[in-house]
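Have a look at the structure below, then the notes.
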Amino acid sequence: MTGRAHIDGTWEPRPAARWEDAFLGGNGRHGAMVYGDLADDRVVVNHHTLVRPNGSEHIRPPELAHRLDRLQSALLAGDTTAAEHFGAGRPLVWVQPFHPAFQTRIRPTPSMPGPPAGYRRSVDFATGEITAVCGARRSQVFVSRADDVIVQYVTAPGLAVDLTLDHALPGAPPRLAVGRSTVLTPDGARLTLRAGYPDSELAYTGVTVVRAEGGRVSVAGEGVRVEGARSLLLLTRVRRHAGHLDPAAECAALPRDDYPALFARHCALHRPAFERASLTLEADPAEQYLSGSELIRRPESPALLERLFAAGRYHLLSASGVLPPRLTGLWTGDWDTAWSGAFTTNANLNLQIASAAAAALPEVSEAHASLIYGQLADWRDNARAIFGARGIVAPSHTDGESGHTRHYQRAYPLHLWTAGADWLLEPLIEHAETTGVTDPRLTAALDEAALFYEDFLTRTGPGGRVAVVPSYSPENRSANASWGTVNATMDLAAARHALTAAADRSPGHPASARRRALADRLAEYRVNEDGALAEWAWPGLAETYDHRHLSHLYPVWPLDAINPYDTPELSAAAHRALELRGAENDSAHGHLHHALVAARLRDGERASAAVRSVLAGDFFHDSLMSAHYPSRNVYNADAAHALPAAVIESLVQSTPDRLVLLPAPLAGCPGGELRGVRTRFGAGLDLRWSADSTATAVLRPTRDARIDVRTGDGHTRTDASAGVPPAPLELTAGVERVLELGPRQRSRRTRG
């Protein structure tokens, strides 16, 4: 690699032996997993819509609302197990599982041995091109954002290969109805694979157009044989459908351009998106040039954090389009994906997309919006059937098609979780604040979220305060009660935020005053006997500290309703809760969630320790995609996609009226430069900082703003003396501002 390639890509000296180590490409619809083995050149084809019918697609939420009042009365009266009977007897049904389509296979004839010296495979994050090279033989793959097609280009003198579409991936159903066809064309061939799902009228069809330069193409077995060609160009698409799909029409719709033209058209869209933001750290140049597999064995290296930041943004961008990233992003090489490869909404999805607004990836926010707005009708069904309310209630799992609640389980009663709509809409609020443009659909959805709480919040507890009942804190339970309780802190935070956010977005709405009044009547957060923010604001409920989820710290991150500046006492209680929190089973999302909350609370040591747990825990595959558990156990995108957010939050935080610089610098970031960050007050920001606590921040406002500027030591930008209020910084659209920061000095200068 040359120039900036050390932070704009990664490489390996050998092919991938496991699909988990395959390099990844994607355009938010199609995904490609590239082994880079020139002796058996395999590319696993994925698509966001490929979910296997399992019956869950027909399930609707049960009619439970007529039992709600009795449940509420029992819980308020002290029956700590009452919620176990609400929805009891229903089977646990997982959503339709995500699965791969097939793999394209190019095998030399005769077969060639393993790669000799000089082999190299690499992925360029700035272009999305994945390359494997050995001697004169080269294979290049990318997933076009412009043409929605997987493109593979193979070159070598006198190419002699067999090419097939292979559906027999791990876990493929034995009753999958597979049909193939091969048609020779004047410049190559057309391969089609159709797979019908067992016990379903649905199927998916993949087509690959093969264009050979020179040589001869003939039918061979289930594919084609190419002899004496100079190059091969493969264009692959897959589609899930009902009924018949005309493969000839699908192939006719594919572009006719050569590889350079296809690549240029794709790069014109991909490169600007990836290069909007970047992180450069003061790292050892020798480590910056190491292969990914070598670098992940050096968890203390800033070069590793630098590369994982770039890889995380690349994978997040590549996985987001028609939908946001799944638990596995956009990729899997196995039909048996953990937790159905679903969108788990009570933690994982929001953690994966946490950097979308700040890291300048509006494509990710728009993909998230597509998921949310496409399911609102189902969310209304959930609210009416389960709670007898108007408005919306989000499910805890979705396959991307149905938004109906279907997860009924005693140990994880996710049907009781009412905070989901607010939690899932919050990233779209951040996107609106960052861009300065509010989608009318967001305003309408916020109104519906508030409408639900108006109907649902009808019961009161001690002191006449409104209680959230039933209530559930994902995925934890009180030490002395069952899972369904009263006043989970996350539920209180969500209700309060949903009511006020709707009022803020529609101040002239006739219900705004009523909603603010209802929010003010909600129970206050509780500080327990340990001095910690309690997970349940209800008398007598004991804590369970050793858990991977930090749902009760929702007011800290991402809401910022509890912070060191406006609510110092509650902030201290939240910090105590974080200190007492265990890691339970070492899930990657738990560690990264911990880091995000710690950064908001200005605890750099704790944020660093949480990030270090992931970097040192063998969570990353050679592909730089991550695992759910240590020792690369269970392919999962949580750590890979959430890590950039943890880095950014440690260096820059913003709200519509505040900027915090260097709140909690990570131990792996002694000095460096973060460029292209977007703030929620409408300014781009570049930050350069050093280990001596000096820093320079350049703000480029796109709209006028008046903000409070703070630093990690808690001081304001101007006078840190006791009793002196912070002097606001006035920003004018189009006028660049430069802030130069030292350990105890604050200065500013303006450039036009």
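Note that these values count all heavy atoms, side chains included, but never hydrogens, waters or copies made by symmetry. Start at 1 with the first residue, then count along the sequence.
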Side chain to side chain contact (heavy atoms under 4.5 Å, CB included) evaluation trace for Trp331 with Met625: CA-CA 10 Å; Trp331 306 277; Met625 180 46 69; 3.9 Å; yes
Side chain to side chain donor-acceptor pair (under 3.5 Å) between Thr205 and His241, worked out: CA-CA 8 Å; Thr205 297; His241 58 89; 2.7 Å; yes
Intermediate values then yes/no, ring pair (Phe, Tyr, Trp, His ring centres under 6.0 Å), Trp557 and His593: CA-CA 9 Å; Trp557 182 90; His593 199 166; 5.5 Å; yes
Test side chain to side chain contact (heavy atoms under 4.5 Å, CB included) applied to Leu349 and Leu424, step by step: CA-CA 9 Å; Leu349 175 57; Leu424 290 167; 4.1 Å; yes
Chi angles and distances behind the side chain to side chain contact (heavy atoms under 4.5 Å, CB included) call for Leu305, Leu643: CA-CA 9 Å; Leu305 198 59; Leu643 188 64; 4.1 Å; yes
Steps toward ring pair (Phe, Tyr, Trp, His ring centres under 6.0 Å) verdict (His628, Trp339): CA-CA 11 Å; His628 191 269; Trp339 303 290; 4.7 Å; yes
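Annotation: salt bridge (Lys or Arg N to Asp or Glu O under 4.0 Å) contacts of Asp439 (sequence neighbours excluded): Arg441. Residues forming a ring-ring contact (aromatic ring centres under 6.0 Å, His included) with His621 (at least two apart in sequence, or on another chain): Tyr635. Remark: Arg29 pairs with Asp148 by the side chain to side chain donor-acceptor pair (under 3.5 Å) rule, at least two apart or across chains. Applying the side chain to side chain donor-acceptor pair (under 3.5 Å) rule to Ser623 yields no partners; only residues at least two apart in sequence or on another chain are considered. Residues meeting the ring-ring contact (aromatic ring centres under 6.0 Å, His included) test with Tyr472, sequence neighbours left out: none. With sequence neighbours excluded, no residue satisfies ring-ring contact (aromatic ring centres under 6.0 Å, His included) with Phe86. Residues passing the salt bridge (Lys or Arg N to Asp or Glu O under 4.0 Å) test with Arg581 are Glu535, sequence neighbours excluded. With sequence neighbours left out, Thr332 forms a side chain to side chain donor-acceptor pair (under 3.5 Å) with no residue at all. Every residue two or more places apart in sequence or in another chain was checked for a ring-ring contact (aromatic ring centres under 6.0 Å, His included) with Phe309, and none qualifies. Residues forming a side chain to side chain donor-acceptor pair (under 3.5 Å) with Asn487 (at least two apart in sequence, or on another chain): none.
Judged by the 6.0 Å and 45° rule, Arg313 forms no cation-pi pair with Phe125. Remark: Arg194 is not positioned above the aromatic ring of Tyr204, lacking an NZ or CZ atom under 6.0 angstrom from the ring centre and at most 45 degrees off the axis.
Using a 30° and 60° split on the angle between ring planes, His270 and Phe274 fall in the parallel class, below 30°. Between Tyr197 and Trp335, the ring planes are perpendicular. Angles over 60° get that label, and only those under 30° would be called parallel.
Here His368 and His431 keep their ring centres 6.0 angstrom or further from each other.
In summary, the side chains of Asp422 and Tyr554 do present a donor paired with an acceptor at a separation below 3.5 Å, with no hydrogens or angles considered. Inspection of the Thr544 and Arg477 side chains reveals no N or O donor paired with an N or O acceptor under 3.5 Å.
Ser200 contributes a side-chain N or O that, together with a main-chain N or O of Leu202, makes up a donor-acceptor pair within less than 3.5 Å. A distance-only check finds no donor-acceptor pair linking the side chain of Ser626 to the backbone of Phe619 [under 3.5 Å]. In this structure a side-chain-to-backbone donor-acceptor pair under 3.5 Å is present from Ser613 to Ala609. For the pair Ser473 (side chain) and Asn476 (backbone), a donor-acceptor distance under 3.5 Å is absent. Side-chain atoms of Tyr412 do not come within 3.5 Å of backbone N or O of Pro474 as any donor-acceptor pair. Judged purely by atom type and a 3.5 angstrom limit, Asn382 has no side-chain atom pairing as donor or acceptor with the backbone of Ala394.
The stretch residues 44-60 participates, sequence neighbours left out, in these side chain to side chain donor-acceptor pair (under 3.5 Å) pairs: His47-Thr49, His48-Arg326, Asn54-Ser56, Ser56-Arg406, Arg60-Asp381. Listed by first and then second residue, the side chain to side chain donor-acceptor pair (under 3.5 Å) pairs involving residues 80-96 are Asp79-Thr81, Glu84-Arg410, Glu84-Ser482, Gln96-Arg240, Gln96-Asp399, Gln96-Glu401 (not counting sequence neighbours).
When all heavy atoms are compared, the tightest approach of Leu330 to Ser318 is CD2-O, 3.4 Å.
Residue Ser471 forms a side chain to side chain donor-acceptor pair (under 3.5 Å) with just one option from Thr485, Thr418, Asp491, and that option is Asp491.
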